[in-house]
Novice: 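Structure provided below as structure tokens; questions to follow.
As the structure is a computational prediction, the values presented were derived from the model and not from experiment.
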Amino acid sequence: MFLAKKFLGGIIDAVSNIDPAQFVPADPPPPRRPAAYAEQSENDEEKQFRRVFQQLAGDDMEVSPTELMNILNRIILKHGDLKTDGFSIESCRSMVAVMDSDSTGKLGFHEFKHLWNNIKKWQGVYKAYDRDGSGVIGADELPGAFRAAGFPLSDQLFEMIIRRYSDESGNMDFDNYIGCLVRLDAMFRAFKTLDKDNNGTIKVNIKEWLQLTMYS
């Protein structure tokens, strides 16, 4: 019990001095709509993306964690300047879970498009902050890379993230950088949804806490 209290206290200390107003999470994907209705209201760019999505997702028009893993790993094979061990099935399950707004266990068109646009944006940030061209972002480059992605974090929270997502030398490769940002973005959007008074604090019961932490 003492260790549990100490652990939770460390997390609370790490996040208590963060100003939620500084975060710039992406807008959430719109609610899922019938395909026929959605296609009528789409512009040419969205229609083109939908055709690509149909090819990637298959007949069910949804992307499973395994399909997401295959898609992302095919893409990064074309980018030799990004050092990565590849996206694992576990990291893709986590990304699907935090993006899965309707709890289907898969990504629909708008959920996938939201994730895809974020990955493209964050890939540009990753390359910009890999200043030595090593293919990874070093511990000294990470604070700037996270701020540029819209997430200014406290030093204590950075230390926790480095322990979780970086290698023994403090370097973070591409798949871990993306996985961490997807989780940060989704968890912060969940916080904003629960922060009804917009005062930077939330109150959750055990069921809400488990839903937030276990399916992610």
Novice: Would you say NZ of Lys127 has more than 12 non-hydrogen atoms from neighbouring residues, nucleotides or ligands within 6.0 angstrom?
Specialist: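 Counting other residues, nucleotides and ligands, NZ of Lys127 exceeds 12 neighbours.
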
Novice: Which value, rounded to the nearest 0.5 Å, describes the distance between Ile76 atom CD1 and Ile119 atom CD1?
Specialist: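 CD1 of Ile119 is found 10.0 Å from CD1 of Ile76.
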
Novice: Please round to the nearest 0.5 Å and tell me the distance separating atom NE2 of His114 and atom CZ of Phe112.
Specialist: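 Reported to 0.5 Å precision, the distance equals 12.5 Å.
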
Novice: Relative to the ring of Tyr126, is the ring of Tyr177 parallel (under 30°), tilted (30 to 60°) or perpendicular (over 60°)?
Specialist: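 Rings of Tyr177 and Tyr126: tilted, as their planes differ by 30° to 60°.
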
Novice: Between Phe151 and Phe188, does a ring-ring contact (aromatic ring centres under 6.0 Å, His included) hold up when you go through it step by step?
Specialist: CA-CA 10 Å; Phe151 299 96; Phe188 186 71; 7.2 Å; no

Novice: Please confirm whether the backbone N or O of Gly105 pairs with a side-chain atom of Asp100, one donor and one acceptor, at under 3.5 Å?
Specialist: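 Such a contact is found between Asp100 side chain and Gly105 backbone.
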
Novice: At their closest point, which heavy atom of Pro65 faces which heavy atom of Cys92, and how far apart are they?
Specialist: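 Nearest pair, atom of Pro65 first, then Cys92: O-CB, 3.5 Å.
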
Novice: If we only count heavy atoms from C-beta on, is the Asp102 to Glu111 side-chain gap below 4.5 Å?
Specialist: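 Heavy-atom side-chain distance check passes, below 4.5 Å.
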
Novice: Tell me, with the steps shown, if Val182 and Leu115 meet side-chain contact (heavy atoms from CB on, under 4.5 Å).
Specialist: CA-CA 8 Å; Val182 169; Leu115 174 63; 3.7 Å; yes

Novice: Verify side-chain contact (heavy atoms from CB on, under 4.5 Å) between Trp116 and Phe53, making sure each step is shown before the conclusion.
Specialist: CA-CA 11 Å; Trp116 186 268; Phe53 178 75; over 6 Å; no

Novice: Would you compute the distance between atom CD of Glu208 and atom CD1 of Ile202 and round it to the nearest 0.5 angstrom?
Specialist: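 Between atom CD of Glu208 and atom CD1 of Ile202 there are 8.5 Å.
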
Novice: Tyr129 and Ala148: which non-hydrogen atoms are nearest, and at how many Å?
Specialist: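 Of all heavy-atom pairs spanning Tyr129 and Ala148, the closest is CE1-CB, 3.6 Å.
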
Novice: Under 4.5 Å between side-chain heavy atoms, hopping through other hydrophobics if needed: is there a path connecting Leu68 to Leu77?
Specialist: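 No, separate clusters.
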
Novice: Which atom pair, heavy atoms only, marks the closest approach of Ala149 to Leu181?
Specialist: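 Ala149 and Leu181 have their closest heavy atoms at CB-CD1, 3.9 Å.
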
Novice: Over 60° means perpendicular and under 30° means parallel, so classify the ring planes of Phe87 and Phe174, tilted if in between.
Specialist: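 If you compare the ring of Phe174 with that of Phe87, the planes turn out perpendicular.
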
Novice: Could you measure the distance from the CG atom of Asn198 to the NZ atom of Lys192? Nearest 0.5 Å is fine.
Specialist: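 If I round to the nearest 0.5 Å, the distance is 4.5 Å.
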
Novice: Just verifying a value: how many Å separate Ser91 OG and Leu72 CG, rounded to the nearest 0.5 Å?
Specialist: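 Atom-to-atom, Ser91:OG and Leu72:CG are 8.0 Å apart.
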
Novice: Go through the steps for Arg50 and Met61 under the test side-chain contact (heavy atoms from CB on, under 4.5 Å), then give the verdict.
Specialist: CA-CA 10 Å; Arg50 184 176 287 276; Met61 286 296 288; 4.0 Å; yes

Novice: Is there a donor-acceptor contact under 3.5 Å from the side chain of Gln55 to the main chain of Val52?
Specialist: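 Answer holds: no.
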
Novice: side-chain contact (heavy atoms from CB on, under 4.5 Å) between Leu107 and Glu67: does it pass, once the steps are laid out?
Specialist: CA-CA 10 Å; Leu107 299 182; Glu67 289 171 328; over 6 Å; no

Novice: Drop me the distance from Leu56's CG to Arg51's CZ, to the nearest 0.5 angstrom.
Specialist: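 Output value for this atom pair is 13.5 Å.
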
Novice: To check you understand the geometry: which heavy-atom pair defines the closest contact between Gly200 and Phe191, and what is its length?
Specialist: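 Taking every non-hydrogen atom into account, O-CZ, 3.3 Å.
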
Novice: Just jot down the side-chain hydrogen bond (donor to acceptor under 3.5 Å, both in side chains) partners of Ser134, sequence neighbours excluded, or say none.
Specialist: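 Partners of Ser134 under the side-chain hydrogen bond (donor to acceptor under 3.5 Å, both in side chains) test: Asp130, Asp132.
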
Novice: Return the minimal non-hydrogen interatomic distance between Tyr165 and Gly179, and the atom names on each side.
Specialist: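 Taking every non-hydrogen atom into account, CE2-C, 4.4 Å.
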
Novice: With clusters built from Ile, Leu, Val, Met, Phe, Trp and Tyr whose side-chain heavy atoms come within less than 4.5 Å, directly or transitively, what are the remaining members of the cluster of Ile89, listed by chain and number?
Specialist: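 For the cluster that includes Ile89, the remaining residues are Met69.
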
Novice: Exactly one of Asp85, Ile178, Asp167 should register a side chain to side chain contact (heavy atoms under 4.5 Å, CB included) with Asp173. Which one does?
Specialist: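 Exactly one option meets the side chain to side chain contact (heavy atoms under 4.5 Å, CB included) with Asp173, and it is Asp85.
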
Novice: For Ala57 and Val63, which heavy atoms make the closest approach, and how far apart are they?
Specialist: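 In this case the closest contact between Ala57 and Val63 is CB-CG2, 4.0 Å.
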
Novice: Using distance alone, with no hydrogens and no angle criterion, decide if Ser169 and Asn171 have a side-chain donor and acceptor under 3.5 Å apart.
Specialist: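 Absent: no donor and acceptor within the cut-off.
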
Novice: Is a donor on one side and an acceptor on the other found under 3.5 Å between the side chain of Asn70 and the backbone of Arg74?
Specialist: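 No; zero donor-acceptor contacts below 3.5 Å.
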
